[in-house]
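Both counts, for ligands and for their atoms, begin at 1 and track the order of listing.
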Amino acid sequence: MILTQTPEPLLAHWTQSMQRSVLRQMIAVVSRPGILSFAGGLPDPALFPTTDYAAALSHVLATDPKALQYGMPYAPLKRHIVQLMALRGVACTEEQIFLTTGAQQGLDVLARLFLDPGGAVMFEELVYTGAQQVVAPFLPHILPVSTDLAEGMNVDEVAAYLAGGARPSGASPAFIYTIPDAHNPLGVSMSQARRERLVELALAYNVPIIEDDPYGLLQYGDWRLEIRDWGESPISNLQSLPLRALNDSHVFYLGSFSKIMAPSLRLGWIVAPEALVAKIGVVKEAADLESSALTQRAVAAYLDAGHLPGHLARLRGEYGRRRDAMLAALYRYFPAAARWTEPQGGMFIWVELPEEMDAAALLETAIAQENIAFIPGHAFTVPGRHIHNCMRLNFSNCSEEMIEDGIKRLAKIINYEL
Ligand SMILES: Cc1ncc(COP(=O)(O)O)c(C=O)c1O
């Protein structure tokens, strides 16, 4: 029988609520040539460790016949990650490290491990969009928690949800997701008191925390104090310890080489209780069998050669100066009625404009009149929450001069519209 009309293939139920990533759509629009973009979240390609990584990669290809084969997770890389975690203030063992294809996969694997279809998850109201995408196929109840711009996730709200049986679903959440350091999109780092309380709550109610920490090794100090001397150790003056330093049974830590080396390595890790690592392995295998053996070995060779401390010091110096340049320009040019975060690290500053302003409309004007782009804050809200007057500004991928110039021109439009 010949059908005249070919029917559309049927898609899974959850895809009816699927939206193209608003963020990626926006970034595509605002990444046109000639645009001065504060929109993306990209590291500066001029700071990629290209030469040293090329040497590590060719050394591995020339000397290690297993580099192009299927294989077990590469133990020497796990040993390096244990050392990196120690620099981050976390004691863990090789057996607790699980290698992933980026932190994004780590998040995906953990969501599959904990979340049942229709289950509940606790997110901040403003959340990394990749986390929302990961849980979408489960059609979850999202329990939204506010974040204040000084101290981070509102743990009183976490406590209230948990004490009340985590309504509206009636079930306790499968996990709490948070970015305690240099939050994306907010740029805030959680206070020590809130960290301790959050971990206590997780233990008391037996709820796992997924701690996403891609920016934890990119901390720059207090910009007002102009700390620029890193001393002997490139990461000696990190300001806060991850949640995983407080607890090893309920905190599942996600790390990544994307921001400290390069995103295209697609290499990250989970620190999890050893007893769960085998199960995590089964979940990951379904997705991609394993992370690239070649990349695992090349990154390990790069770390063997001792390049990372110097590289991190360079990144922290450079990104720290760019953060300072953006903050100084905001203070100089933005209206007094605006307020913003002063991030200790990472790549983003969150700006709240006066209530009467609309960030989406402002973006259109900024692109049309000044060729300047940013991401309006509503791109990061969980369903049911709305904001209109906020924006996320990225400072890692522009020079200090471009930042000063761009913020000045953006302020001109804002001040005109006020
Ligand atoms: C908070 C957060 N988590 C996870 C990721 C994904 O990291 P990866 O490149 O390691 O998958 C990003 C990337 O921007 C991020 O900002």
- prompt: Do Phe38 and Phe374 have ring centres separated by under 6.0 Å?
  reply: no
task: Name all pairs fulfilling the side-chain hydrogen bond (donor to acceptor under 3.5 Å, both in side chains) condition that reach into residues 51-61, sequence neighbours left out, sorted by first residue then second.
output: Asp52-His307
Pairs of donor and acceptor atoms involving the side chains of residues 260-275, under 3.5 Å and at least two apart or interchain, shall be tabulated with distances.
residue, atom, partner, partner atom, Å
Arg266, NH1, Ser258, OG, 3.4
Arg266, NH1, Pro263, O, 3.1

When you pair each N or O of ligand 1 with protein N or O atoms, which pairs come out under 3.5 Å?
residue, atom, partner, partner atom, Å
ligand 1, 3 (N), Asp212, OD1, 3.4
ligand 1, 3 (N), Asp212, OD2, 2.6
ligand 1, 9 (O), Ser258, OG, 2.6
ligand 1, 9 (O), Arg266, NH1, 2.8
ligand 1, 10 (O), Ala103, N, 2.7
ligand 1, 10 (O), Ser256, OG, 2.6
ligand 1, 10 (O), Ser258, OG, 3.2
ligand 1, 11 (O), Ala103, N, 3.2
ligand 1, 11 (O), Gln104, N, 2.9
ligand 1, 11 (O), Arg266, NH2, 2.8
ligand 1, 14 (O), Lys259, NZ, 2.7
ligand 1, 16 (O), Asn184, ND2, 2.9
ligand 1, 16 (O), Tyr215, OH, 2.7

message: Run the ring-ring contact (aromatic ring centres under 6.0 Å, His included) test on Phe252 and Phe114 for me, step by step, so that the C-alpha distance in whole Å, both residues' side-chain angles and the decisive distance to 0.1 Å come before the verdict.
response: CA-CA 11 Å; Phe252 291 73; Phe114 293 126; 5.0 Å; yes
task: Starting from the C-alpha separation in whole Å, work towards a yes-or-no answer on side-chain hydrogen bond (donor to acceptor under 3.5 Å, both in side chains) for Thr101 and Ser291.
output: CA-CA 5 Å; Thr101 303; Ser291 299; 2.7 Å; yes
statement: Applied to residues 245-255, the side-chain hydrogen bond (donor to acceptor under 3.5 Å, both in side chains) test, sequence neighbours excluded, yields Asn206-His250, Asp213-Tyr253, Asn247-Ser249
